[in-house]
Amino acid sequence: MGLDVRIKGMKHEETYHCGYITFHAYRCLVASAYNNELGKIYEKPYNNRTEEDIKRWNELCNDDLDLFLWHSDCEGKLTWKECRAIYKVMKDLDVKMQGHNYGTMNYYDMHQLWLNMFRFCWHHRVNMWFE
């Protein structure tokens with residue numbers, strides 16, 4: 001069981017098809033790459049975040065990055081406009097993580113995969129579907 005990303009016009013092997021835990025680990029790295037303190041808050045379990053954590057999060061985080069970090073990991077969509085906004089805030093982040101898709105087990109640069117998906121949706125004006 002995991003997250004499957006579907007994007008009209010992209011090949012299956014060019015999109016994300018792996019577990020929720022891997023996806024969460026990637027988002028933790030993205031949050032930390034944006035701001036180390038933000039990453040520490042993001043890694044906390046939901047029920048352990050204090051009001052101070054939430055206040056600090058709102059001071060530190062970019063609203064466009066929030067679109068990605070808080071998006072459901074099992075269903076829903078990101079519009080091409082949201083993908084454009086997310087791409088612009090994430091493109092210069094230094095995130096190092098190896099990923100792979102279920103089935104093929106071909107390894108890739110996780111951050112580059114997500115940037116490519118966001119850029120494709122933006123340039124082709126298509127939605128990114130989380131299934």
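Only a predicted model underlies this, so the values are computations on that prediction, with no experimental measurement involved.
Within the model, atoms CD of Gln112 and CE of Met117 stand 11.0 Å from one another, a figure rounded to the nearest 0.5 Å. Rounded to the nearest 0.5 angstrom, Cys83 SG and Ile7 CD1 are separated by 6.5 Å. Atom CG in Asp53 sits 5.0 Å away from atom CD1 in Ile41 (nearest 0.5 Å). To the nearest 0.5 Å, atom OG1 of residue Thr22 and atom CE of residue Met110 are 6.0 Å apart. If you take NZ on Lys40 and CH2 on Trp57, they are separated by 14.0 Å, rounding to the nearest 0.5 Å. With values rounded to the nearest 0.5 angstrom, Met90 atom CE is found 5.5 Å from Leu115 atom CG.
Looking at every heavy atom in both residues, Thr15 comes nearest to Val5 through OG1-O, 3.1 Å. Residues His17 and His12 come closest through the heavy atom pair NE2-O, 3.0 Å. The shortest heavy-atom contact between Ile86 and Asp64 is CG1-O, 3.5 Å. Nearest heavy atoms, Asp94 versus Ala33: O-CB, 3.7 Å. Closest approach of Leu3 to Asp73, counting heavy atoms only: CD1-O, 3.5 Å. The minimum heavy-atom distance between Glu82 and Thr79, with the atom names listed, is OE1-N, 2.8 Å.
With hydrogens and angles ignored, the 3.5 Å screen pairs no side-chain donor or acceptor of Tyr108 with any backbone N or O of His111. The backbone N or O of Lys77 lies less than 3.5 Å from a partner atom in the side chain of His71, making a donor-acceptor pair. Asp66 places no side-chain N or O within donor-acceptor distance of the main-chain N or O of Asp63, the cut-off being under 3.5 Å. A donor-acceptor contact shorter than 3.5 Å is absent between the side chain of Asn127 and the backbone of Trp129.
In this structure, Ile54 is not a member of the same hydrophobic cluster as Leu60, with clusters built from ILVMFWY side-chain heavy atoms closer than 4.5 Å.
The closest side-chain heavy-atom distance from Cys74 to Tyr20 is below 4.5 Å.
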- Message: For a side-chain contact (heavy atoms from CB on, under 4.5 Å) check, start with the C-alpha distance between Val30 and Leu65, then their side-chain angles and the critical distance, and finish with the verdict.
- Response: CA-CA 9 Å; Val30 168; Leu65 186 58; 3.8 Å; yes

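The environment of Lys44 atom NZ is dense: over 12 non-hydrogen atoms of other residues, nucleotides or ligands sit within 6.0 angstrom. Atom CD of Gln98 has more than 12 neighbouring heavy atoms from other residues, nucleotides or ligands inside a 6.0 Å radius.
Qualifying side-chain contact (heavy atoms from CB on, under 4.5 Å) partners for Glu59, counting only residues two or more places apart in sequence or in other chains: Lys55, Arg56.
Just one of Trp122, Trp114, Trp80, Phe120 meets the ring pair (Phe, Tyr, Trp, His ring centres under 6.0 Å) condition when paired with Tyr87; it is Trp122.
In this structure, the ring of Trp70 has its center less than 6.0 angstrom from the ring center of Tyr42. Within the 6.0 Å centre-distance limit, the rings of Phe23 and Phe68 are counted as a close aromatic pair.
Note: Tyr102 and His100 have perpendicular aromatic rings, judged against thresholds of 30 and 60 degrees for the angle between ring planes.
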